[in-house]
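Both ligands and their constituent atoms are indexed starting at 1 by order of listing. Because the structure is a prediction, the values reported are computed rather than measured. Atom set for the values below is all heavy atoms of this structure, side chains included, hydrogens, waters and symmetry mates excluded.
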Amino acid sequence: MTECRFDRRAFLGGAAGLGALALFGSGCSPRSQSARPMDEQAEPRIDSVVWGHCSPNCYGRCALRLSVSDGQVVRVESDSTGDDAYGSHQIRACLRGRSIRQVLNHPDRLSYPMKRVGERGEGKFERISWEEAISIIAENYRRILAEYGPASVFITNATGVQSKNINPFLGRFLNLNGGYLINDGGYSAHQTKTALPYLYGKRAGNSSSDVVNSKLVVMFGDNFAENKLGGAGDTFHLQRALEKGGAKVIVIDPRFSPTAAVHADEWIPIRPGTDAALVEGIAYVLITENLIDRPFLETYTIGYDEGSLPAGAPANKSYRQHILGEGPDGTPKTPAWASAITNVPEATIVSLAHQIAEAKPCCIMQGLGPQRQGNGEQTTRAICMLAILTGNVGIKGGNTGSIFGSYNLPGISVPQGKNPIKAKLPTFMYAEAVLRGRELTKKNAGIKGVDRLQQPIKFIWNYGGNSLTNQHGDINRTKRILKDTSLCEFIVVWDIMMTDSATYADILLPDLMPVEQPNFVAGEYNGDMGYLILGQPAGEPRFERKTLYQSLCLLAEEMGCLDEFSEGLDEEGWLRRVYTEAAEKNDYPTYDTLKGQGVYRRLNPKGSTVAFDKFRKDPQANPLETPSGKIEIYSERLAQIAATWELDPGDVIDPLPIYAPAVGGWTGEPDERYPLQMVGFHERGHAHSSFVQVETLRQANQPGFWINPADAAPRGIATGDDVLVSSPSGTLRISAKVTNRVMPGVTAMGQGMWFKADENGIDVGGCANTLTSHHPSPLAKAIPANTLQVQVRKAL
Ligand SMILES: Nc1nc2c(c(=O)[nH]1)N[C@H]1C(S)=C(S)[C@@H](COP(=O)(O)OP(=O)(O)OC[C@H]3O[C@@H](n4cnc5c(=O)[nH]c(N)nc54)[C@H](O)[C@@H]3O)O[C@H]1N2
Ligand SMILES: Nc1nc2c(c(=O)[nH]1)N[C@H]1C(S)=C(S)[C@@H](COP(=O)(O)OP(=O)(O)OC[C@H]3O[C@@H](n4cnc5c(=O)[nH]c(N)nc54)[C@H](O)[C@@H]3O)O[C@H]1N2
Ligand code: SF4
Ligand SMILES: [Mo]
C-alpha cells in the first residue's frame with residue numbers, strides 16, 4: 001500500500017511553484033508523465049483507465065470509467081461492473097455524465113485565479129497569481145473577522161459538487177478560524193423537511209422498490225422519469241417495481257410530465273399550489289362514505305376528531321370538523337368546493353377517493369414540486385393525510401405520502417471540527433441576511449439557535465454553487481443586494497465556468513473537478529440498492545486550476561493554521577483515512593480494493609424500506625418522535641408557532657394540514673396584470689445550471705416556455721415564437737412551446753438556464769428566477785419557486 005503523504009514543499013511550492021501544473025499530487029496516481037505526439041487519426045494509446053463519478057446535484061450519482069492518454073481524458077464510459085440483474089445492476093450514466101469531456105475541456109472553463117476589476121456583476125476580471133489571490137482573501141477575511149466576527153461569515157448552499165470528500169474542507173477551514181453562520185434547509189425540500197416532522201416526528205417514506213407491493217400509486221407532482229435519471233436511481237427501481245407488481249399509476253401534475261407520459265394510467269392536471277384542496281375534497285368523500293380506516297386513526301393519530309384533539313385545541317378544530325364544515329370556517333370541503341379551487345372535475349375527485357379507498361395497499365407519494373411553493377408546508381402535510389385516512393402508513397406497498405425513501409450506505413465523514421456559531425439561517429433568507437441581517441429573528445425569519453442574528457452577512461464563500469444569483473429567487477433584486485459592496489463586503493467563488501454568480505466574486509478561483517482528484521460518493525434516491533463509488537484523478541491538471549483542498553491549504557498557511565487543517569495529508573491521504581474508518585465500521589471493501597473496483601453495491605438486507613413499520617407494529621413500544629408519540633394531525637407545536645410568530649399578510653401556518661392559498665399565487669380573483677400561473681421544473685438537459693454550457697445537450701433538449709393553445713391563441717403565439725414573460729419581479733425572453741401538455745391557465749418552464757440581461761434588462765438567457773419571488777414560505781422560510789403569476793406576450 002502506498003502511503004500518500006502531504007508533501008508541504010511540493011504542495012505549496014513557494015512563490016515560483018504557486019500555480020504550477022506539477023503541484024497536484026506526488027506520484028500517488030497511476031498516470032503517465034510522458035509527453036508524446038498523438039496522431040489524430042489513430043486510436044490514442046490509453047495510459048490508464050480510472051474510476052470516477054459524475055457529480056452534479058441531479059439526484060443520480062453515477063459511475064464513470066475514464067480512459068486517459070497523455071494526461072487527458074480521451075474516452076468516457078460508465079459502469080462496467082455488475083449486470084442487468086436487479087441488485088447488481090449497473091450505475092449507468094445519462095447523457096449528461098457521458099458528455100463530461102465537454103465540461104472538462106470547455107473552451108470557456110476557468111483556468112486562472114482572477115480579481116474583480118469592474119462592478120460586482122459586470123463580469124470584468126483581471127488574471128492574478130495564486131499568491132495574490134490568497135493574500136487578498138486572507139487580508140479581507142482577517143479584517144471582516146475582526147470587525148464583525150465569525151457570525152458574519154457564510155457558506156452558501158451550493159450543490160454543484162456532490163463528492164463527499166471535497167466540500168467539507170471549507171467548513172473545516174472556517175471552523176479553525178472561529179466558525180460561520182450555518183446555512184439551514186437548502187432549496188430542494190426545505191418545506192417538506194420542516195413540516196413533516198410536525199406530523200410524523202420525522203420525514204420518511206417507503207422505498208421506490210416497495211411499489212412492487214402496491215396496487216395503486218398516486219403521485220403528486222413527482223417527475224422521476226426526468227429528474228432521477230441515474231442508472232441506479234429511483235426511475236430504474238420504480239420501472240422495475242411497476243413491471244413486476246403491476247400497480248396502477250395516477251400522476252397529479254399541472255403538466256403532462258414525462259413521468260405522466262411514460263408511466264401514468266391516468267393524468268390529473270391540477271391548478272398549482274392547490275393539492276391540499278384536492279386532498280380535502282377526497283377526504284370529504286372518504287369521511288362521508290365511511291371509507292376511512294377508523295381503527296388506524298384511533299390507534300395511531302391525534303386530532304382526527306374531537307375525541308383525540310389535544311386539550312389546548314379549540315373544540316371545533318378537529319380535522320373531521322374542518323372537512324365537514326363544522327370547523328371555524330363553516331365550509332364543507334365537498335368535491336364541488338375542491339373542484340372550484342383545483343380545477344379537477346368533481347367526478348374525478350370522487351373517483352380518486354374511491355380508487356384510493358379500494359386499493360389495498362395504496363402508495364401515496366409526492367415529489368418536491370408541490371412543496372416548493374409559498375404554501376408548501378401546508379400542502380406537503382395535506383398530501384400525507386390521504387395515506388393516514390386510509391391507514392396506508394407503515395405497511396408494505398403503502399407509504400407516508402412523502403417522497404420515497406431509499407437504502408443508503410453510510411458515507412464518509414471528513415472531520416470539520418467544532419463550529420462555535422450556533423445561529424442557523426434558512427437558506428432562502430441569505431439575501432435578506434446580507435441586506436438587513438440584524439432585523440432577522442426567530443419569529444420573523446425562522447432563525448434557529450439564537451433569537452436574532454447579531455450581524456449581517458459580510459463574507460461569503462461560494463464553492464460549486466450558482467445560488468448567489470441564478471438559482472435564488474427574484475434574481476434582479478438579489479443582484480442589486482449583492483452589487484452593493486457596503487453590504488456583503490467580500491465574496492470568494494470557486495467554479496469551473498463564469499456563471500452569473502461568479503460575476504459577483506471579488507476573487508474567483510478556478511477549480512479542478514471531482515474526476516480530476518480523488519473522489520467519493522454514496523448513492524442516494526436509489527431504491528433498495530445502496531452503493532459507493534471511489535475514484536482517482538483522471539488526467540493531469542491544466543492551466544492554474546487547483547483542488548479546493550489545495551487552495552484551502554494555501555489559505556490555511558496564510559492564516560497560520562495549516563498544520564491543524566491538513567494534518568500533513570493530501571487529498572488522497574484524507575480520503576484513504578476517512579474511507580478506511582467508514583469501511584471498518586460498515587464492513588466495506590478496503591480502500592485499495594475499492595480503488596481497483598470503483599463500485600461497491602449492497603442490497604438492503606431487510607428487503608424494502610417501509611417507513612414507520614415498527615410504529616405500526618407496536619406504537620407503544622415504538623412511539624413516533626412527536627410530542628404525543630402519535631401522528632399529529634392537529635399539531636399543538638404549530639398552533640403555538642402560528643400564535644407567536646410575526647407573519648406577513650396572507651401567510652398561513654395552521655395546526656391542521658389544510659389548504660391555504662399561497663402569497664403571490666392563485667387567489668381565485670381575476671388578476672388583470674399577471675393572469676397566468678407558472679411552475680418551474682427540473683428538466684433533463686441539465687442539472688440546475690450545471691451542464692448548460694454543453695452545446696450538444698442544449699440542442700438535444702431545447703428549453704421552451706410551455707403554454708396551452710387556449711392561452712396562446714388569443715395572444716397570437718405559435719410554437720417557436722419568441723415570447724416575453726413578465727412577473728412582478730422581471731421579464732425574460734424565451735421560445736414558446738404551445739402544447740396541451742400543460743393545463744389552460746398554467747404555464748411552465750425549466751429552471752436552471754443562465755441569466756443574461758440585454759441592454760433593456762430583459763433576461764434573454766431564460767433563467768426562471770428572473771420571474772420568481774423573494775417572499776419566503778411562512779414556516780420554513782423557504783424558496784417559493786413554483787408560486788408565481790405571469791403575463792405572456794409575443795416578442796416583436
Ligand atoms: N426557479 C427555481 N429555482 C431553483 C429551483 C427551482 O425548482 N426553481 N430549484 C432549487 C434547487 S432544488 C436547488 S438544489 C438549487 C441548485 O442550485 P445550485 O446549488 O446553485 O446548483 P447548480 O445550478 O447546479 O450550480 C452548481 C455550480 O457549480 C459549478 N460546478 C460544476 N462543477 C464544478 C466543480 O467541479 N467545481 C466547482 N467549484 N464548481 C463546479 C457549476 O458551474 C455551477 O455554477 O437551485 C434551486 N433554484
Ligand atoms: N434532470 C434533472 N434532474 C434533477 C435536477 C435537475 O436540475 N435536472 N435537480 C435535482 C434536484 S436538486 C432536485 S431538488 C429534484 C427536484 O425534484 P422535484 O422538485 O420533484 O422536481 P420538479 O421538476 O421541480 O417538480 C416535479 C413536478 O412537480 C410539478 N409541480 C409543480 N408545482 C406543482 C403543484 O403545485 N402541484 C403538483 N401536483 N405538481 C406540481 C411540476 O410540474 C413537475 O413536473 O430533482 C433532481 N433531479
Ligand atoms: S444522472 Fe446525474 S450523476 Fe448520473 S450521469 Fe446523469 S448527470 Fe451524471
Ligand atoms: Mo434541489
Give the atom numbers and elements of ligand 1 that come within less than 4.0 Å of a heavy atom of [X].
| X | result |
| --- | --- |
| T499 | 42 (O), 44 (O) |
| D511 | 34 (C), 36 (N), 37 (C), 38 (N) |
| P514 | 35 (O) |
| M513 | 35 (O) |
| N57 | 14 (S) |

Option of least heavy-atom distance to [atom] (set: [options]):
| atom | options | result |
| --- | --- | --- |
| atom 40 (C) of ligand 2 | G60, P254, P272 | P254 |
| atom 42 (O) of ligand 2 | N223, I252, D253, I383 | D253 |
| atom 16 (C) of ligand 1 | H688, Q693, R372 | H688 |
| atom 7 (O) of ligand 1 | M498, H686, H682 | H682 |

field: N/O separation below 3.5 Å, S188 to ligand 1
entry: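 For ligand 1, there is no N or O atom that lies under 3.5 Å from one belonging to S188.
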
query: What about Y187: any of its N or O atoms under 3.5 Å from an N or O on ligand 1?
result: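 No, since none of the N or O atoms of Y187 sits under 3.5 Å from an N or O of ligand 1.
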
- prompt: Which residue and non-hydrogen atom of the protein lie closest to atom 2 (C) of ligand 2, and at what distance in Å?
  reply: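 Nearest protein contact, heavy atoms only, for atom 2 (C) of ligand 2 is E683 O, 3.4 Å.
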
Region of Y463 that comes within reach of ligand 1 [heavy atoms, distance under 4.0 Å]: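 For Y463, only side-chain atoms sit under 4.0 Å from ligand 1.
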
- prompt: Does N466 approach ligand 1 within less than 4.0 angstrom via side chain, backbone, both or neither, non-hydrogen atoms only?
  reply: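 Contact part for N466 vs ligand 1: both backbone and side chain.
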
Test item, S689 contacting ligand 1 (heavy atom, 4.0 angstrom):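 Right, S689 reaches ligand 1.
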
query: Closer than 4.0 angstrom: is that true for some heavy atom of G752 and an atom of ligand 1?
result: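 Distance cut 4.0 Å: G752 fails for ligand 1.
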
Under-4.0 Å heavy-atom contact with ligand 2, by part of T274 that carries it: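 Looking at T274 and ligand 2, no heavy atom falls under 4.0 Å.
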
query: If you measure every N/O of R96 against every N/O of ligand 2, is any gap under 3.5 Å?
result: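 Right, the criterion is met.
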
field: salt_bridge(K781, E377) N-O dist < 4.0 Å
entry: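 A salt bridge is absent here (no side-chain N lies under 4.0 Å from a carboxylate O).
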
field: Straight-line distance of Q471 CD to T772 OG1, nearest 0.5 Å
entry: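 So the gap between those two atoms works out to 9.5 Å.
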
message: Is the distance from the ring center of Y112 to that of W130 below 6.0 Å?
response: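 Distance test on ring centres: not under 6.0 Å, no.
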
